[in-house]
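I have placed the structure first, in the form of structure tokens, so that the comments after it can refer back to it.
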Number of protein chains: 2
Amino acid sequence: MNINIDYQSRVPIYEQVVLEIEKMVALGVLNPGEQISSIRDLACELGINPNTVKKAYDILENKNIIVSKSTKGSFIADDVTGAKEAKVESIIKEIKTKIEELENIGMSKEEIKKRLKI
Amino acid sequence: MNINIDYQSRVPIYEQVVLEIEKMVALGVLNPGEQISSIRDLACELGINPNTVKKAYDILENKNIIVSKSTKGSFIADDVTGAKEAKVESIIKEIKTKIEELENIGMSKEEIKKRLKI
DNA sequence: TCCTTGTACTATTTGTTATAGTACAATTAA
DNA sequence: TTAATTGTACTATAACAAATAGTACAAGGA
């Protein structure tokens, strides 16, 4: 399932799994209803413990991004538009916070745009 | 020394101290040559262990942001322009990364600017 | 029947963060 | 001189989250 994990990162593995799957949903790599790797398979693929994947899947299920069906497998939820917009919203908010930081240090909006090349 | 620590944050206390002092230097609240709180004083003020403050100060000294003089105290370095620019650079880089994420999801630069109101 | 699925536990290990405590040498102030 | 303060340098321990290890169960599918 092409998930990239940075084992040196301070971000916990289970959270990286969440973020990667969220990204694939936002990108349209994973689509509503689609079955994703089983907990055991993904754990094997990433070389990590099944419990760690389970933790990530639990979080994704709580966010209504995936649905887990006992004895069947795990699937992307039927409606992920809410999750997509929430992701965009959270990134926008993070950027705004950082722009404010730059302004506090004394950079103008024009300077910032110039440095960002946008 | 008006440092704000979030004890619930996942960011370690010692790192929050580093970030706060870096910010005050960038903002011009703390200026070159100026003496800052002693390790013991700041620890007391924040209600944390002196070893934790010492760790933060060690990192700041490594970054050439402060200078510690045995038996005298700790001071803002004489030249912090490099540190200031490094901070701006790192924030710019973080923003760029997040903008790329939004573009990957399918947002245009115009849409992004609109959402950011810049 | 056998394999796979998600689920649900407990116990243990590991690594980082933070605290506790002590000690030393050098400077400063009383 | 004396007492207090400074950064420095240790060791030991506590606390916590992350991750692993291992086991077991019930249900669906081939």
Side-chain angles (χ1 to χ4, degrees), chain A residues 1 3-22 25 30 32-78, chain B residues 1 3-22 25 30 32-78:
Chain A
M1 206 166 47
I3 286 183
N4 242 328
I5 301 294
D6 175 4
Y7 298 94
Q8 315 311 320
S9 168
R10 188 153 59 186
V11 180
I13 295 174
Y14 73 87
E15 197 167 315
Q16 290 187 53
V17 172
V18 170
L19 292 172
E20 286 287 288
I21 290 181
E22 278 184 337
V25 169
L30 296 176
E34 184 175 335
Q35 182 163 18
I36 62 175
S37 301
S38 76
I39 290 174
R40 288 175 177 80
D41 276 1
L42 184 55
C44 192
E45 191 183 318
L46 300 179
I48 62 179
N49 195 281
N51 292 331
T52 306
V53 177
K54 165 71 172 156
K55 189 167 182 178
Y57 277 23
D58 282 348
I59 291 170
L60 287 165
E61 190 153 25
N62 250 328
K63 288 186 167 191
N64 296 315
I65 292 169
I66 71 170
V67 179
S68 292
K69 301 176 185 173
S70 207
T71 81
K72 295 217 170 171
S74 299
F75 306 82
I76 302 299
D78 287 334
Chain B
M1 205 166 47
I3 286 183
N4 241 330
I5 301 294
D6 176 4
Y7 297 94
Q8 316 311 320
S9 168
R10 186 154 60 187
V11 180
I13 296 174
Y14 73 87
E15 196 166 317
Q16 290 187 53
V17 172
V18 170
L19 292 172
E20 285 287 289
I21 291 181
E22 280 184 336
V25 170
L30 295 177
E34 184 177 335
Q35 181 163 19
I36 63 176
S37 300
S38 77
I39 290 175
R40 289 173 177 82
D41 275 2
L42 185 53
C44 192
E45 191 184 318
L46 299 178
I48 62 179
N49 194 282
N51 293 331
T52 306
V53 177
K54 165 70 171 158
K55 189 167 182 178
Y57 278 22
D58 281 347
I59 292 170
L60 287 165
E61 189 153 25
N62 250 327
K63 289 184 166 191
N64 295 315
I65 292 170
I66 70 170
V67 179
S68 292
K69 302 176 186 174
S70 207
T71 82
K72 295 218 170 168
S74 299
F75 305 82
I76 303 299
D78 287 333

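Throughout, protein chains are lettered first and strands after them, A, B, ... in sequence-line order, and every chain is numbered starting at 1. What's counted below: heavy atoms across the whole structure, side chains too, no hydrogens, waters or symmetry copies.
You'll find that the side chain of B/Asn49 is closest to C/dA20, out of C/dT27, C/dT7, C/dA20. Residue A/Arg40 places its side chain closer to C/dT7 than to any other of D/dT20, C/dT7, C/dG21. Here C/dT7 is the nucleotide among C/dT7, D/dG7, C/dG6 with the atom lying nearest to any side-chain atom of A/Glu61. Checking D/dT20, D/dT6, C/dT19 against the side-chain heavy atoms of B/Thr52 singles out C/dT19 as nearest. Nearest to the side chain of B/Lys54, among C/dT28, D/dA9, C/dT7, sits D/dA9. Distance from the side chain of B/Ile13 is smallest for C/dA18 among the nucleotides C/dA18, D/dG28, C/dT7.
In this structure, B/Gln35 places its CD atom 8 Å from P of D/dT6, rounding to the nearest Å. The distance from atom CD of A/Glu15 to atom P of D/dA17 is 14 Å, rounded to the nearest whole Å. Put simply, CD1 on A/Ile59 is 14 Å from C1' on D/dA19, counting in whole angstrom units.
Taking only side-chain nitrogens and oxygens, B/Thr71 never comes nearer than 4.0 Å to OP1 or OP2 of D/dT5. Checking the phosphate oxygens (OP1, OP2) of C/dT5, no side-chain nitrogen or oxygen of A/Lys69 falls inside 4.0 Å. Contact annotation: A/Lys55 does not reach the phosphate of D/dA19 (side-chain N/O to OP1 or OP2, under 4.0 Å).
With A/Gln16 as the fixed residue, the side-chain contact (heavy atoms from CB on, under 4.5 Å) test singles out one of A/Val11, A/Thr52, A/Ile21: A/Val11.
Toward the 5′ end of DNA chain C lies the nearest nucleotide of A/Ser70, the other residue of the pair A/Arg10 and A/Ser70 mapping further downstream. Closest-nucleotide positions on DNA chain D for B/Asn51 and B/Ile36 were compared, and the one nearer the 5' end corresponds to B/Ile36.
Scanning all heavy atoms of the two residues, the minimum distance from A/Lys54 to A/Ile39 falls at CD-CD1, 3.8 Å.
In summary, A/Lys55 and A/Glu15 do not engage in a salt bridge, as defined by a charged side-chain N under 4.0 Å from a carboxylate O.
To the nearest 0.5 Å, atoms CD1 (A/Ile3) and OG (A/Ser37) are separated by 7.0 Å.
Note on B/Tyr14: only backbone sugar-phosphate atoms sit closer than 4.0 angstrom, heavy atoms only; bases stay farther off.
At a threshold of 4.5 Å between non-hydrogen side-chain atoms, the residues B/Leu42 and B/Tyr57 count as touching.
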